2 protein chains.
Amino acid sequence: MNKINRKVEYALIGLKHMRGKPPGELTTVKELTLHYGCPFEMTSRVMQNLAQKGVLRSEQGAYGGYQITKDLNRISFYDLMAMILGPMAVAKCMHSSELESACEIRETCNIVSPVQTLSRRLAEFYRDLTVAELLDGRGGSTGKNLKSSVVAEASMMAEPT
Amino acid sequence: MNKINRKVEYALIGLKHMRGKPPGELTTVKELTLHYGCPFEMTSRVMQNLAQKGVLRSEQGAYGGYQITKDLNRISFYDLMAMILGPMAVAKCMHSSELESACEIRETCNIVSPVQTLSRRLAEFYRDLTVAELLDGRGGSTGKNLKSSVVAEASMMAEPT
DNA sequence: TTAAATACGTCTATTTTAGTCGTAGATAGA
DNA sequence: TCTATCTACGACTAAAATAGACGTATTTAA
Ligand code: SF4
Ligand code: SF4
């Protein structure tokens, strides 16, 4: 459950790879597929997305490739996901302005407010986490959780049978 | 993206419904399907899961039904999801003890550590959020985000084209 | 004895995600 | 100018996860 999207992983792989390079040096998609075994077309598409959003600069033609142009400290993980997957919608009844794609239960639903709460807080969480923070690995713990021992009780449980 | 699981929604619907009742009064699945239009079999299964985990008490036979037995303040949203969906695995390479279901990229992957970081922090987030807190709607904001204006910059963007 | 409920294994349909194919366009260098 | 090598992108197919249905057994109050 709650699996991270594969495209987003490829984005992280690419960004991590490019970060370790001297400034100005380009990276081709082929290079990424050879190093990490990620599928060419998909990775290519992801890089194109990031280029469109201004995170990368693309250079076409022979000896072309991609290059990071934006400070990864200024890009939240939320942004990264949104660039690749579009805006986050935690449930069917959100962002569905009109009738289209709305939830068939919505009229009688008693948890719209809770779900909106969840959506808000989850977005907050993702926006608060920068891509640089993630890639640099200094994400041990928020330290915020010293008070949560009250909740930990029921946490050990197996898969539903 | 990041859509909440439907079964979990049905669980919340059921719990919210039962919370509004006088103690001792039972709730049938049929009652839930009539009130909220959620599918009978699925909702039934979800309630069975919650009963097995001790959140609900089930009474069989005619005039049977379900009843909340555990303090929802002591159940994290993480727990609720885990009861219904099993343990959270943010990526293929996690919790896959042996060769089975492991990521085909794992040997060369350069982002295992970042992904583990994400996993840890996300679990922390979900464990820190109680079901009661969610259902009662007092989940405005964590107030923790006053420092995140630096990140908000790139947040307005449309779907990938 | 019966009606109404939970319990649960298995199956099918739908939706989402992952990955491929084919082609067009840019550019450095021979 | 021609070619190798790259990005750009629309459309398509395959695989996996999610959502839901069916069938049947068991429990229990009336
Ligand atoms: S169930 Fe309620 S909350 Fe979930 S999508 Fe439908 S309406 Fe929104
Ligand atoms: S890509 Fe890297 S992080 Fe993601 S699953 Fe495979 S190994 Fe784990």
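Here is how names work: the chains are called A, B, and so on, in the same order as the sequence lines, proteins then strands, and each is numbered from 1. Computed from a predicted model, the values in this text were never measured in an experiment.
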Quiz prompt | Rounded interatomic separation in angstrom, taking CE from B:Met88 and C1' from D:dA17 | solution = 17 Å
Exercise. Indicate the ring-plane relationship of A:Tyr126 and A:Phe77, choosing parallel, tilted or perpendicular according to the 30° and 60° boundaries.
Key: tilted
Quiz item: Could you give the distance from OG1 (A:Thr130) to CG (A:Asn73), rounded to the nearest 0.5 Å?
Solution: 5.0 Å
Practice problem: Report the distance from atom CG of A:Leu50 to atom P of D:dT7, rounded to the nearest whole Å. | Solution: 13 Å
Please enumerate all protein N or O atoms sitting under 3.5 Å from an N or O of nucleotides 28-30 of chain D, with distances to 0.1 Å.
unit_1	atom_1	unit_2	atom_2	d
D:dT28	O2	B:Ala62	N	3.3

Quiz item: Rounded to whole angstroms, how far apart are CD on B:Gln48 and P on D:dT26?
Solution: 15 Å
Self-check item: Steps toward salt bridge (Lys or Arg N to Asp or Glu O under 4.0 Å) verdict (A:Glu9, B:Lys92)
Solution: CA-CA 11 Å; A:Glu9 286 199 316; B:Lys92 282 204 233 174; over 6 Å; no
Quiz item: Any donor and acceptor pair, going by atom type alone, linking the side chain of B:Thr28 with main-chain N or O of B:Tyr63 inside 3.5 Å?
Solution: no
Quiz item: Can you tell me how far C1' of C:dT17 sits from CE of A:Met1, to the nearest Å?
Solution: 19 Å
Quiz prompt | Interatomic distance, B:Gln67 CD vs C:dA5 P [rounded to whole Å] | solution = 16 Å
Quiz item: Of the options A:Leu56, A:Thr27, A:Val55, A:Leu15, which is the one that meets A:Met47 in a side chain to side chain contact (heavy atoms under 4.5 Å, CB included)?
Solution: A:Leu56
Quiz item: When the distance from CD1 of A:Ile84 to P of C:dT17 is rounded to whole Å, what number comes out?
Solution: 13 Å
Quiz item: Between B:Thr117 and A:Leu134, is there a donor-acceptor pair closer than 3.5 Å when you use the side chain of the first and the backbone of the second?
Solution: no
Exercise. Can you tell me the distance, in whole Å, between the CZ atom of A:Arg45 and the P atom of C:dT17?
Key: 16 Å
Quiz item: Which of parallel (below 30°), tilted (30 to 60°) and perpendicular (above 60°) describes A:His17 and A:Tyr36?
Solution: perpendicular
Self-check item: Whether over 12 other heavy atoms sit under 6.0 Å from A:Lys7 NZ
Solution: no
Exercise. Could you identify which residues of residues 25-44 of chain B place a heavy atom less than 4.0 Å from some atom of DNA chain C, listed by residue number, or say none?
Key: B:Thr28, B:Val29, B:Lys30, B:Phe40, B:Glu41
Quiz prompt | Test log, rule side chain to side chain contact (heavy atoms under 4.5 Å, CB included), inputs B:Val112 and B:Met94 | solution = CA-CA 9 Å; B:Val112 267; B:Met94 318 206 74; over 6 Å; no
Practice problem: Go through the steps for B:Asp136 and B:Arg19 under the test salt bridge (Lys or Arg N to Asp or Glu O under 4.0 Å), then give the verdict. | Solution: CA-CA 10 Å; B:Asp136 288 346; B:Arg19 254 164 90 79; 2.7 Å; yes
Self-check item: Trace of the salt bridge (Lys or Arg N to Asp or Glu O under 4.0 Å) decision for B:Glu104 with B:Arg106
Solution: CA-CA 6 Å; B:Glu104 53 278 11; B:Arg106 192 176 194 178; over 6 Å; no
Quiz item: Can you list, by residue number, the residues of residues 2-23 of chain B that have a non-hydrogen atom closer than 4.0 angstrom to DNA chain C?
Solution: B:Lys3
